[in-house]
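My questions all concern the structure below.
Since this is a predicted model, take the numbers as computed values, not measurements. Chain identifiers are assigned alphabetically (A, B, ...) following the order of the sequence lines, protein sequences preceding nucleic acid strands; residue numbering begins at 1 within each chain.
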2 protein chains.
Amino acid sequence: MKDLIPEATVRRLSHYLRCIEMMEKCCYGENLQSKDLARMCSISDSVVRRDLSYFGTFGIKGVGYDLKRLKDSIKRILGLTEKKKVVVVGVGNIGRALIGYLSRVDGFEVVAAFDNDPQKIGKKIGKIKIEDAVNITPITANLNAEIAVVAVPSDEAQKVVNRLVKGRVKGILNFALVPLKVPDDVTVRYIELLTELEVLTYNIKKRRKS
Amino acid sequence: MKDLIPEATVRRLSHYLRCIEMMEKCCYGENLQSKDLARMCSISDSVVRRDLSYFGTFGIKGVGYDLKRLKDSIKRILGLTEKKKVVVVGVGNIGRALIGYLSRVDGFEVVAAFDNDPQKIGKKIGKIKIEDAVNITPITANLNAEIAVVAVPSDEAQKVVNRLVKGRVKGILNFALVPLKVPDDVTVRYIELLTELEVLTYNIKKRRKS
DNA sequence: TTTTCCTTGTGAAAGTTTTAACTTTCACAT
DNA sequence: ATGTGAAAGTTAAAACTTTCACAAGGAAAA
């Protein structure tokens, strides 16, 4: 049980979990082998075993893993034991999409949405009323939401994040294209759509040449 | 000028570009030093220099980089010389958000949108008419679009991708939570929103303990 | 012209992640 | 009870990335 786990490993655990859930639906069977999981994820089986071994031993040698037990183990490792409360800041295109997306995902639940546009404040998206962004701190603290999605223009992102941090948010999914400053106990993950498109463009150009 | 460039380097080039454009707007000046760029990106200056050095030499020792020249160089490296045509497949929450987002970004332009829902086909989003997803191949080929955004349910993603590949798409930004099979000359990049949230959850749990 | 200053560009080391090969252990058949 | 086969878990090597420190080289001042 190592202390520092490669980030790629954690990402893959999430992939494994999704595969397992898909397999459950398809009545795949009780037993699951690293090579099956690997094939589904388009990686090699030794990566699967390596990844799992960071966290302990979950399988039976010569046999494989118990599907249900492995699923539970991965959920526990990732901390997905109960529904997580999420607040969304910025109800533009992307914020709205996230609210819609998360409503159809279990494991996460949008409990509040914020914007600073008076036109939007007070309106509803599904069951969620849009609150004024000035109230981020008290509302978030009160709801005990640990995760926030930030989908506001870049120049407002840091301000919003400061309020979220005061509201005791511990994890932020940031769609704004700026690096955010947060205390050590807060994690930020970046979704950089423009960067992804630009990397894609680079790859296209490169492959054309070779 | 190395042959294989770290992916992280390419991502950072995109960040540098964004910083430079921001600096231009703020009348930062003609000259730019690696340490300034580094500060803006919250990284160290040697990373900036190393990243650039993969592609050639762009600065003047003892002085720095010419802002405008560096911007053009990075654009050229990334292949951002002309507007790129993008097609969007799947006009749900996320597809719609992407269309809206890209309309306000220069460098990329949505030229077609597809869905398989008869309710949606024929309707318009901004200037874009939603086409039937069965026509992906001819329309995409005809428009000469090289980039596609895939925002359809996971179980339809591969089918859609096959049509895109036939339509000569060379880069795919995939929001579906499945690995896609594509020929060697096609690049896929994954945006895994659920995975990001799960990794965030893992990090929150871990930090609470330490 | 020469010296000094300054920042770039880069070689080498350190650190990290992935890959592959190997060892161990369990279940089951004999 | 024991041997065999198969797949998990582990170790070691390779590949890749980042970091560090300094040499190189141009600009400006003396």
Side-chain angles (χ1 to χ4, degrees), chain A residues 1-16 19-20 23 28-71 73-74 77 179 199 202-203 206, chain B residues 1-16 19-20 23 28-71 73-74 77 179 199 202:
Chain A
M1 179 95 79
K2 248 186 68 171
D3 197 46
L4 205 57
I5 311 297
E7 156 154 349
T9 291
V10 181
R11 293 187 70 85
R12 283 190 297 259
L13 286 185
S14 163
H15 299 168
Y16 301 155
C19 287
I20 290 171
M23 283 164 160
Y28 178 85
E30 303 273 293
N31 191 265
L32 173 65
Q33 294 181 359
S34 59
K35 102 173 120 54
D36 305 324
L37 211 42
R39 170 122 22 84
M40 281 196 73
C41 296
S42 305
I43 55 177
S44 83
D45 52 336
S46 71
V47 172
V48 173
R49 294 197 298 275
R50 187 90 192 65
D51 284 341
L52 293 173
S53 80
Y54 281 123
F55 301 95
T57 80
F58 304 96
I60 298 171
K61 293 180 179 181
V63 180
Y65 303 91
D66 179 77
L67 193 86
K68 178 147 178 41
R69 216 172 67 79
L70 185 61
K71 177 181 137 185
S73 299
I74 294 177
I77 292 167
V199 174
Y202 170 80
N203 286 331
K206 198 184 57 179
Chain B
M1 181 94 80
K2 247 187 66 170
D3 197 48
L4 204 59
I5 311 298
E7 157 153 351
T9 291
V10 181
R11 292 189 72 86
R12 283 191 297 260
L13 286 185
S14 164
H15 299 169
Y16 301 155
C19 288
I20 290 172
M23 284 166 160
Y28 178 86
E30 302 273 292
N31 191 265
L32 173 64
Q33 295 183 357
S34 59
K35 106 175 116 56
D36 306 322
L37 212 42
R39 169 122 23 84
M40 280 195 75
C41 296
S42 305
I43 56 176
S44 84
D45 54 334
S46 69
V47 171
V48 173
R49 294 197 298 275
R50 161 67 75 221
D51 283 341
L52 293 173
S53 81
Y54 283 125
F55 301 96
T57 78
F58 304 97
I60 298 171
K61 292 181 178 179
V63 180
Y65 303 90
D66 178 79
L67 192 86
K68 179 148 179 40
R69 215 172 68 80
L70 185 61
K71 177 181 138 187
S73 298
I74 295 176
I77 291 167
V199 173
Y202 169 81

With sequence neighbours excluded, residues passing side-chain hydrogen bond (donor to acceptor under 3.5 Å, both in side chains) with A/N203
none

Polar atom pairs between nucleotides 11-14 of chain C and protein, under 3.5 Å, N or O only, would you list them?
unit_1: C/dG11; atom_1: N7; unit_2: B/R50; atom_2: NH2; d: 3.3
unit_1: C/dG11; atom_1: O6; unit_2: B/R50; atom_2: NH2; d: 2.6
unit_1: C/dA12; atom_1: N6; unit_2: B/R50; atom_2: NH2; d: 3.2

Can you tell me the distance, in whole Å, between the CG atom of B/L4 and the C1' atom of D/dC16?
9 Å

Atom pair CD (B/E7) and OH (A/Y202), whose distance is rounded to the nearest 0.5 Å:
10.5 Å

Whole Å only: how far is the CG atom of B/L70 from the P atom of C/dT8?
11 Å

Rounded distance (Å) that lies between atom P of D/dT18 and atom CD1 of B/I43:
10 Å

Shortest non-hydrogen contact between B/I74 and B/L13, atoms and distance:
CG2-O, 3.6 Å

Using a cut-off of less than 4.0 Å, is there contact between a side-chain N or O of A/R12 and OP1 or OP2 of C/dT18?
yes

Rounded to the nearest 0.5 Å, the CG atom of A/L70 sits from the CD1 atom of A/I77 at a distance of 8.0 Å

Compare side-chain N and O positions of A/R49 against OP1 and OP2 of D/dG9 and report whether any pair is under 4.0 Å apart.
no

For a quick check, with a 4.0 angstrom heavy-atom cut-off, what is the B/S/- contact string for nucleotides 23-30 of chain D, read 5' to 3'?
-BBSS---

When rounded to whole Å, the CZ to P distance for the pair B/F58 and C/dT10 reads 11 Å

Nearest whole angstrom, please: distance from the P of D/dT10 to the CZ of A/F55.
14 Å

After noting the C-alpha distance and the side-chain angles of A/H15 and A/I43, does the key distance pass the side-chain contact (heavy atoms from CB on, under 4.5 Å) rule?
CA-CA 11 Å; A/H15 299 168; A/I43 55 177; over 6 Å; no

Taking the side chain of B/A8 as heavy atoms from C-beta outward, which of D/dG9, D/dT18, C/dG9 is closest to it?
D/dT18

Can you tell me if B/S34 touches the phosphate of C/dT8, counting only side-chain N or O atoms and a distance under 4.0 Å to OP1 or OP2?
yes

Extract all donor-acceptor atom pairs below 3.5 Å that involve side chains of residues 57-66 of chain A and protein atoms in other chains or at least two apart in sequence.
unit_1: A/D66; atom_1: OD2; unit_2: A/K68; atom_2: N; d: 3.4
unit_1: A/D66; atom_1: OD2; unit_2: A/R69; atom_2: N; d: 2.9

Taking only side-chain nitrogens and oxygens of B/Y54, does any of them come within less than 4.0 Å of OP1 or OP2 of D/dC16?
no

Rounded to whole angstrom units, what separation is found between the CG atom of B/L52 and the P atom of C/dT8?
10 Å

Write down the atom of B/A38, the atom of B/S44, and the distance for their closest heavy-atom approach.
CB-C, 3.6 Å

Minimum-distance pair of heavy atoms, taken over all atoms of B/C19 and B/L37:
CB-CD1, 3.8 Å

Give the intermediate values and the outcome of side-chain contact (heavy atoms from CB on, under 4.5 Å) for residues B/I5 and A/K206.
CA-CA 10 Å; B/I5 311 298; A/K206 198 184 57 179; 5.7 Å; no

Can you tell me the distance, in whole Å, between the CG atom of A/D51 and the P atom of C/dT17?
12 Å

Between the protein and nucleotides 1-3 of chain D, list every N/O to N/O distance that falls short of 3.5 Å.
none

Out of C/dA20, C/dG9, C/dT7, whichever nucleotide has its closest atom nearest the side chain of A/S46
C/dA20

Non-neighbouring partners of B/R50 that pass side-chain hydrogen bond (donor to acceptor under 3.5 Å, both in side chains), sequence neighbours left out
none

Are A/Y54 and A/P6 side-chain neighbours, meaning at least one heavy-atom pair lies under 4.5 Å?
yes

Can you check whether B/V47 reaches B/T9 side chain to side chain, under 4.5 Å on heavy atoms?
no

Between CD of B/E7 and P of C/dT17 the distance, given in whole Å, is 15 Å

